[in-house]
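Contents: one structure, followed by commentary.
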Amino acid sequence: MKKYINGIIAGIIVGIFHCLFLLFAKDLEITVFISTFITWIVVGVLISSVDFKTNSIIKGVTVSLLVSLPSLVYTFTSTIFGGIWTLFTTVLVGAFMGYIIDKRNKR
């Protein structure tokens with residue numbers, strides 16, 4: 001149960017952080033913020049529960065990309081810059097979450 005709590009906490013922290021970056025984007029509806037926040041909580045739970053036999057950073061990137069793929073497709077069709085930014089943050093934050101969750105679960 002501890003590993004799921006770590007995943008939820010990491011997801012909440014990253015979700016808040018990511019939503020703060022979304023404040024710089026113009027004309028976003030509140031549903032984008034809610035969806036982003038929930039997505040990162042789900043990513044945190046999945047990273048903490050998946051048992052890939054790889055590095056924790058690779059596991060975080062893989063899970064975050066798989067979960068974010070539908071929104072990435074939509075974002076790329078809307079704006080190329082937004083899609084590149086979303087892809088970059090997904091990889092970066094997924095790697096960070098994988099590393100942090102793995103370190104917290106080993107304690």
Side-chain angles (χ1 to χ4, degrees):
M1 189 64 172
K2 175 187 166 190
K3 65 181 183 178
Y4 299 117
I5 301 289
N6 288 334
I8 291 170
I9 291 171
I12 289 171
I13 292 169
V14 168
I16 291 170
F17 182 71
H18 200 100
C19 286
L20 290 175
F21 275 114
L22 287 177
L23 291 174
F24 295 109
K26 294 183 171 110
D27 300 330
L28 291 180
E29 297 179 15
I30 189 72
T31 55
V32 174
F33 291 93
I34 294 169
S35 172
T36 300
F37 185 72
I38 292 171
T39 298
W40 285 113
I41 293 173
V42 170
V43 168
V45 170
L46 289 176
I47 289 173
S48 67
S49 64
V50 169
D51 188 26
F52 293 156
K53 303 295 185 211
T54 62
N55 185 342
S56 61
I57 293 172
I58 304 241
K59 178 172 76 168
V61 169
T62 303
V63 170
S64 65
L65 281 175
L66 288 173
V67 171
S68 299
L69 194 61
S71 64
L72 278 169
V73 170
Y74 175 75
T75 305
F76 268 115
T77 59
S78 299
T79 171
I80 295 296
F81 177 74
I84 292 170
W85 176 253
T86 303
L87 180 63
F88 174 73
T89 57
T90 299
V91 169
L92 189 67
V93 173
F96 176 73
M97 283 182 73
Y99 179 77
I100 294 299
I101 290 171
D102 186 55
K103 292 299 178 196
R104 295 277 305 158
N105 285 344
K106 286 184 179 177
R107 285 168 76 194

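It should be emphasised that the depicted structure is a prediction, and the values quoted were computed from it without experimental measurement. Sequential numbering from 1 along the given sequence is applied to the chain's residues.
- Here the closest non-hydrogen pair linking I47 and G60 is CD1-CA, 3.7 Å.
- Scored by the ring-ring contact (aromatic ring centres under 6.0 Å, His included) test, F21 finds F17 as partners (sequence neighbours excluded).
- Listed by first then second residue, pairs satisfying side-chain hydrogen bond (donor to acceptor under 3.5 Å, both in side chains) with a partner in residues 48-57 read D51-K53, not counting sequence neighbours.
- Under the 4.5 Å side-chain heavy-atom criterion for Ile, Leu, Val, Met, Phe, Trp and Tyr, F88 and V91 are members of distinct hydrophobic clusters.
- Annotation: F37, atom CZ; neighbour count of heavy atoms from other residues, nucleotides and ligands within 6.0 Å is above 12.
- Between the S64 side chain and the T90 main chain, a donor and an acceptor come within less than 3.5 Å of each other.
- Note: F33 CZ to L20 CG = 9.0 Å, rounded to the nearest 0.5 Å.
- The cluster map of Ile, Leu, Val, Met, Phe, Trp and Tyr, joined by side-chain heavy atoms under 4.5 Å apart, puts I30 and I38 in the same cluster.
- The CD1 atom of I100 sits 11.0 Å away from the CG atom of N105 when rounded to the nearest 0.5 Å.
- In this structure, the side chains of F52 and V63 come closer than 4.5 Å at one or more pairs of heavy atoms.
- Annotation: the span from Y4 atom OH to I9 atom CD1 amounts to 15.0 Å, rounded to 0.5 Å.
- In this structure, F96 is not a member of the same hydrophobic cluster as V61, with clusters built from ILVMFWY side-chain heavy atoms closer than 4.5 Å.
- Grouping the Ile, Leu, Val, Met, Phe, Trp and Tyr side chains by contacts below 4.5 angstrom, directly or via other members, places Y99 apart from M97.
- In this structure, CZ on F81 lies 8.0 Å from CD1 on I84, to the nearest 0.5 angstrom.
- In this structure, the separation between CD1 on I13 and CD1 on I41 is 11.0 Å, given to the nearest 0.5 Å.
- The structure places CD1 of I101 at 8.0 Å from NZ of K59, a figure rounded to the nearest 0.5 Å.
- Listed by chain and number, the residues in a side chain to side chain donor-acceptor pair (under 3.5 Å) with K2 amount to none (sequence neighbours excluded).
- I12 places none of its side-chain heavy atoms less than 4.5 Å from the side chain of W40.
- The hydrophobic cluster containing V67 also contains I34, counting ILVMFWY residues as joined when their side-chain heavy atoms lie under 4.5 angstrom apart, directly or transitively.
- With L87 as reference, L65 is the one residue of L65, L92, L69 to meet the side-chain contact (heavy atoms from CB on, under 4.5 Å) rule.
- When atom types are taken as modelled, the side chain of S35 and the backbone of T31 share no donor-acceptor pair closer than 3.5 angstrom.
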Derivation and outcome, side chain to side chain contact (heavy atoms under 4.5 Å, CB included), residues T86 and S68:
CA-CA 9 Å; T86 303; S68 299; 5.9 Å; no
